[in-house]
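This report concerns only the one structure given below.
In the text below, chain A, chain B and the rest are named by the order of the sequence lines, each starting its count at 1.
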2 protein chains.
Amino acid sequence: MTIAEVSKKFDLSQDTLRYYERIGLIPSVNRNKGGIRDYTEEDCKWIVFIKCMRSAGLPIEVLIEYVGLFQQGDATIEARKELLIGQRKQLIARMEDMQKTLELLNYKIESYEQTVVKKEKELKRSED
Amino acid sequence: MTIAEVSKKFDLSQDTLRYYERIGLIPSVNRNKGGIRDYTEEDCKWIVFIKCMRSAGLPIEVLIEYVGLFQQGDATIEARKELLIGQRKQLIARMEDMQKTLELLNYKIESYEQTVVKKEKELKRSED
DNA sequence: CCTTGACTTGGAGTTAACTCCAAGTGTTAT
DNA sequence: ATAACACTTGGAGTTAACTCCAAGTCAAGG
């Protein structure tokens, strides 16, 4: 697959794809005779994984470390597991913060709803 | 309350508190005779609210708009409600992304767990 | 053979959200 | 009253994560 196809498929700009590769966020992609990127299935899996992790806010730096560990082979399995466990913990903490905010938003929106209703009632009364 | 007390109480740097005020993220705080900030209860409530919203990733720009609407009085109640509803929608979407990522992380961690177990078994077998 | 157009690289620019700094003023302790 | 210190403002600097750009390469069509 060319970078144009991958870009379209995963909705990531070509610049971002090249950037990700440059900084080691995905393992380096094969080039054809002309030096042009030719993404394999494997490459695409990495992109999906990274995209998923990024969408949840995992920092690029940490993901680069993970990819680096992965490339060092089986000796790093334990380290990779620990890394993911650490990130999971932080992710859960963020989700809890967001849950609290969601509840506050719900409460505020409801309050506004009641204020609006009250205003409408007043309006009706003044029409009588 | 002085800025030092507020800073300690809410774990926000004095710089951040002044920055928030400067950009209109909280309504402007009263000054005493010497021109020094004297935070009221009301100010603190704003800080708590903003801190909560920020912790869930709501952009500063949107919160500035909300504060601006608030200061314009009752005529903006409907607009404020709509703004919060919009943000709630985006928040929920982000939480769903994170939930997916969490599930993937759980799955990966479990896989690593099994790999480790398998390795240990192989090790034991080779000891026999 | 020359142009068009997609691709390459390295590096500069952008945005959000702080974070730090310099220069100046006011308050407090000795 | 003078040094030490907290506070003020406006503006510059920083960081993460892109995003854009310039200069160059290369294959294909007219």
Side-chain angles (χ1 to χ4, degrees), chain A residues 1-40 43 46-47 49-68 87 90-91 94 97-98 101, chain B residues 1-40 43 46-47 49-68 87 90-91 94 97-98 101:
Chain A
M1 280 181 111
T2 70
I3 196 169
E5 289 164 346
V6 172
S7 167
K8 196 166 289 179
K9 184 164 181 186
F10 299 111
D11 195 33
L12 285 170
S13 77
Q14 299 189 18
D15 264 319
T16 299
L17 286 168
R18 284 190 283 256
Y19 166 69
Y20 279 2
E21 187 179 346
R22 208 179 345 173
I23 63 176
L25 189 51
I26 53 172
S28 45
V29 174
N30 258 40
R31 310 302 153 105
N32 65 16
K33 50 284 166 218
I36 287 177
R37 287 175 181 78
D38 183 17
Y39 290 80
T40 64
D43 293 326
W46 272 110
I47 291 165
F49 171 67
I50 291 297
K51 227 200 140 180
C52 179
M53 295 297 128
R54 287 292 302 128
S55 80
L58 272 73
I60 279 189
E61 205 184 356
V62 172
L63 296 171
I64 289 174
E65 194 188 336
Y66 181 80
V67 174
Q87 291 304 309
Q90 292 183 38
L91 178 58
R94 281 201 301 277
D97 277 351
M98 290 165 93
T101 301
Chain B
M1 278 180 112
T2 71
I3 196 169
E5 289 164 346
V6 173
S7 166
K8 196 166 287 177
K9 183 164 182 187
F10 298 111
D11 195 32
L12 286 170
S13 76
Q14 301 190 15
D15 263 321
T16 299
L17 285 169
R18 284 190 283 255
Y19 166 69
Y20 278 2
E21 187 179 345
R22 208 174 351 166
I23 63 177
L25 189 50
I26 52 172
S28 46
V29 174
N30 257 39
R31 309 302 153 105
N32 66 13
K33 49 284 165 219
I36 287 178
R37 286 175 182 78
D38 183 18
Y39 290 80
T40 64
D43 294 327
W46 272 110
I47 292 165
F49 172 67
I50 291 297
K51 227 199 140 180
C52 178
M53 294 299 128
R54 288 291 304 127
S55 81
L58 272 73
I60 278 189
E61 206 184 355
V62 173
L63 297 171
I64 289 173
E65 194 188 338
Y66 182 79
V67 174
Q87 291 303 308
Q90 292 184 38
L91 179 58
R94 282 200 301 276
D97 277 350
M98 290 165 93
T101 302

Touch class at under 4.0 angstrom, heavy-atom based, for [X] against every strand present:
| X | result |
| --- | --- |
| B/R31 | sugar-phosphate |
| B/R22 | base |
| A/R37 | sugar-phosphate |

Where the side chain of [X] is concerned, which of [options] is the nearest nucleotide?
| X | options | result |
| --- | --- | --- |
| A/E61 | C/dA17, D/dT19, D/dA16 | D/dA16 |
| A/D15 | D/dC20, D/dA17, C/dA17 | D/dC20 |
| A/I3 | D/dC20, C/dC21, C/dT8 | C/dT8 |
| A/Y20 | D/dA17, D/dC18, C/dC7 | D/dC18 |
| B/I36 | D/dT8, C/dC20, D/dA17 | D/dT8 |

Whether the side chain of [X] engages the backbone of [Y] through a donor-acceptor N/O pair (distance < 3.5 Å, no angle test) should be reported.
| X | Y | result |
| --- | --- | --- |
| B/D97 | B/R94 | no |
| B/D38 | B/R31 | no |
| A/T101 | B/C52 | yes |
| A/Q90 | A/Q87 | no |

Take the protein atom [atom1] of [X] and the nucleotide atom [atom2] of [N], then report the distance between them rounded to whole Å.
| X | N | atom1 | atom2 | answer |
| --- | --- | --- | --- | --- |
| B/E21 | D/dC7 | CD | P | 14 Å |
| A/Q14 | C/dT9 | CD | C1' | 14 Å |
| A/I50 | D/dC18 | CD1 | P | 11 Å |
| A/Y19 | C/dG11 | OH | P | 15 Å |
| A/I64 | D/dA16 | CD1 | C1' | 11 Å |
| A/K51 | D/dA17 | NZ | C1' | 15 Å |
| A/N30 | C/dC7 | CG | P | 17 Å |
| B/R18 | C/dA17 | CZ | P | 20 Å |

Does the ring centre of B/F49 sit less than 6.0 Å away from the ring centre of B/Y66?
yes
Strictly below 4.0 Å: does A/T16 bring a side-chain N or O up to OP1 or OP2 of D/dT19?
yes
